[in-house]
J.: 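Below you will find the structure I want to go over with you.
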Amino acid sequence: MTYAEEGKPPTEAAMVGRHRDVASARRRRRTNPRARKRRPGDSEVPYPSRPVLATLSIPLCAILILAGGALMAFPWWMAVPGFLLFFAGFLGFVFAVIALCPSAVLRGIVCVLLFVPMLATAPSGTEAAQAAVLTARGVATAGTIVRIKESHGKTTTYRCTVHYNDRVEGPGYVRCGKDDRVGDRVRVLQDPEEMVDPHFDRGAGWARREVSFAVSSGAALLVISLPCVAIGAVLRRRGLRSGAAAANP
């Protein structure tokens, strides 16, 4: 029953207590980051409650992206798990980096910087796995390019038809590049177990170059993302300090 229902005016102590409750509620709204009014540049993504674990998940997700791309070089029963690994690593990497960057400006910068490495990491893993298998156990067959088929989609791809010397049986077509020409004499590497697609022999050190590029692409993800995450942690700490100072003037 309130004072109005009893027909009695509120006492001075009750008025003071009510003012204290209102002031306490206003203070909680000011200090609560979810309840306070958002300022320009504030992040709409909640900051992780365990930022250290979120940061440690970034290298793990980069490894999943690279490993998933490597598995996609093999037949479907390995390519499907590889795609799932890639997809899980991609989502985990993106969500972790975005959540650990509390500023919208910082998120925009890191997304622009990571665009090219994110596109290159998985395909470079596929190329590295193919090169490693063919270099280790591939059988070379000499031949001549007799036709090049060009396909246009999101990217331009080329397929070369090869006429093999002495009518030796070989792959029906080989994926090639824009620098290959009809009439070029080539050596085609084919896996006897057909675990990976055939490829032109690019000479000594081909597998090493592909593996180095794949590792460099994965490392670029970490080199770009981790400093941005560190900057985000500094911005987060500074924001908490300014909020505490505003709440306790």
Side-chain angles (χ1 to χ4, degrees), residues 57-93 114-145 148-149 151 153-162 164-165 168-181 184-225:
S57 70
I58 293 177
L60 176 61
C61 292
I63 293 174
L64 291 180
I65 294 173
L66 193 59
L71 288 177
M72 283 190 282
F74 299 98
W76 67 268
W77 48 271
M78 294 182 68
V80 172
F83 176 78
L84 295 178
L85 285 179
F86 161 75
F87 190 68
F90 177 83
L91 290 182
F93 186 90
L114 287 173
F115 181 75
V116 173
M118 287 293 286
L119 292 180
T121 301
S124 64
T126 303
E127 295 288 340
Q130 181 186 28
V133 172
L134 291 177
T135 301
R137 65 185 187 190
V139 177
T141 305
T144 305
I145 298 177
I148 299 178
K149 181 179 180 181
S151 301
K154 292 183 179 180
T155 59
T156 302
T157 58
Y158 303 88
R159 290 186 176 184
C160 293
T161 302
V162 179
Y164 298 96
N165 300 341
V168 176
E169 182 179 359
Y173 65 87
V174 182
R175 188 162 56 90
C176 51
K178 62 180 181 180
D179 295 330
D180 295 308
R181 298 288 184 268
D184 289 349
R185 298 183 61 82
V186 294
R187 282 166 50 90
V188 179
L189 290 176
Q190 184 179 15
D191 180 23
E193 299 181 9
E194 297 184 352
M195 292 291 290
V196 297
D197 293 334
H199 199 283
F200 289 157
D201 186 2
R202 298 302 184 184
W206 170 48
R208 184 167 54 253
R209 291 192 300 269
E210 294 293 344
V211 172
S212 299
F213 181 74
V215 173
S216 299
S217 299
L221 296 177
L222 304 181
V223 170
I224 295 173
S225 61

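Sequence positions, counted from 1, serve as the residue numbers for this chain. Just the heavy atoms: all of them, side chains too, but no hydrogens, waters or symmetry mates, feed the values below.
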J.: Assess whether side chain to side chain contact (heavy atoms under 4.5 Å, CB included) is satisfied between M118 and L221, documenting all intermediate values.
T.: CA-CA 7 Å; M118 287 293 286; L221 296 177; 3.5 Å; yes
J.: Nearest 0.5 Å, what's the CD1-OH distance between I145 and Y173?
T.: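 The distance works out to 15.5 Å.
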J.: Out of the candidates R175, R185, R159, R202, only one should pair with D180 under the salt bridge (Lys or Arg N to Asp or Glu O under 4.0 Å) rule; please name it.
T.: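 So, applying the salt bridge (Lys or Arg N to Asp or Glu O under 4.0 Å) to D180 and each of R175, R185, R159, R202, only R202 qualifies.
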J.: Under a 3.5 Å distance rule, please check whether S124 uses its side chain to pair with a backbone N or O of T121 as donor and acceptor.
T.: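 Checked: pair present.
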J.: Is there side-chain contact between W206 and L134, with heavy atoms separated by less than 4.5 Å?
T.: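 They are in contact (side-chain heavy atoms under 4.5 Å apart), so the answer is yes.
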J.: On a heavy-atom basis, which atom in G82 and which in M72 lie closest, and how many Å separate them?
T.: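 Heavy atoms only, the tightest pair is C-CG, 4.2 Å.
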J.: Quick check on side chain to side chain contact (heavy atoms under 4.5 Å, CB included): which of D201, T141, V139 does L189 satisfy it with?
T.: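 Considering D201, T141, V139, a side chain to side chain contact (heavy atoms under 4.5 Å, CB included) with L189 is found only for D201.
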J.: Apply side chain to side chain contact (heavy atoms under 4.5 Å, CB included) to residues V162 and Y164 and explain how you reach the verdict.
T.: CA-CA 6 Å; V162 179; Y164 298 96; 3.8 Å; yes
J.: Closest heavy-atom contact between Q130 and P198?
T.: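 Looking at all heavy atoms of both residues, the closest pair is NE2-O, 3.7 Å.
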J.: Nearest heavy-atom pair of A207 and T135: which atoms, and what distance?
T.: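 Heavy atoms of A207 and T135 come nearest at CB-OG1, 3.4 Å.
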J.: Which value, rounded to the nearest 0.5 Å, describes the distance between F200 atom CZ and C160 atom SG?
T.: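 SG of C160 is found 4.5 Å from CZ of F200.
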J.: If you compare all heavy atoms of D179 against all heavy atoms of D184, which two are closest, and at what distance to 0.1 Å?
T.: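 Scanning both residues, the minimum pair turns out to be O-OD2, 4.4 Å.
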J.: With no hydrogens and no angle check, is any side-chain donor or acceptor of T126 less than 3.5 Å from a backbone partner on G69?
T.: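 It does hold such a pair.
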J.: Going through the checks in order, is the side chain to side chain contact (heavy atoms under 4.5 Å, CB included) test met by R137 and M195?
T.: CA-CA 11 Å; R137 65 185 187 190; M195 292 291 290; 3.3 Å; yes
J.: Quick check for you: to the nearest 0.5 Å, what is the distance between C61 atom SG and L85 atom CG?
T.: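 So the gap between those two atoms works out to 11.0 Å.
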J.: What distance separates W77 CH2 from L71 CG, expressed to the nearest 0.5 Å?
T.: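 These two atoms lie 10.0 Å from each other.
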J.: Between L222 and P59, what is the shortest heavy-atom contact and its length?
T.: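 Closest approach of L222 to P59, heavy atoms only: CD2-CA, 3.7 Å.
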J.: Between atom CG of L64 and atom CG of L84, what is the distance when rounded to the nearest 0.5 Å?
T.: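 It is 11.5 Å, given to the nearest 0.5 Å.
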J.: Got a second to check how far F74's CZ is from E193's CD, nearest 0.5 Å?
T.: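 Taking CZ in F74 and CD in E193, the distance rounds to 10.5 Å.
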J.: Can you list the steps and then say if Y158 with S151 is a side chain to side chain contact (heavy atoms under 4.5 Å, CB included)?
T.: CA-CA 6 Å; Y158 303 88; S151 301; over 6 Å; no
J.: According to the interplanar angle, ranging from 0 to 90°, do the rings of F86 and F83 count as parallel (below 30°), tilted (30 to 60°) or perpendicular (above 60°)?
T.: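 F86 vs F83 ring planes: tilted.
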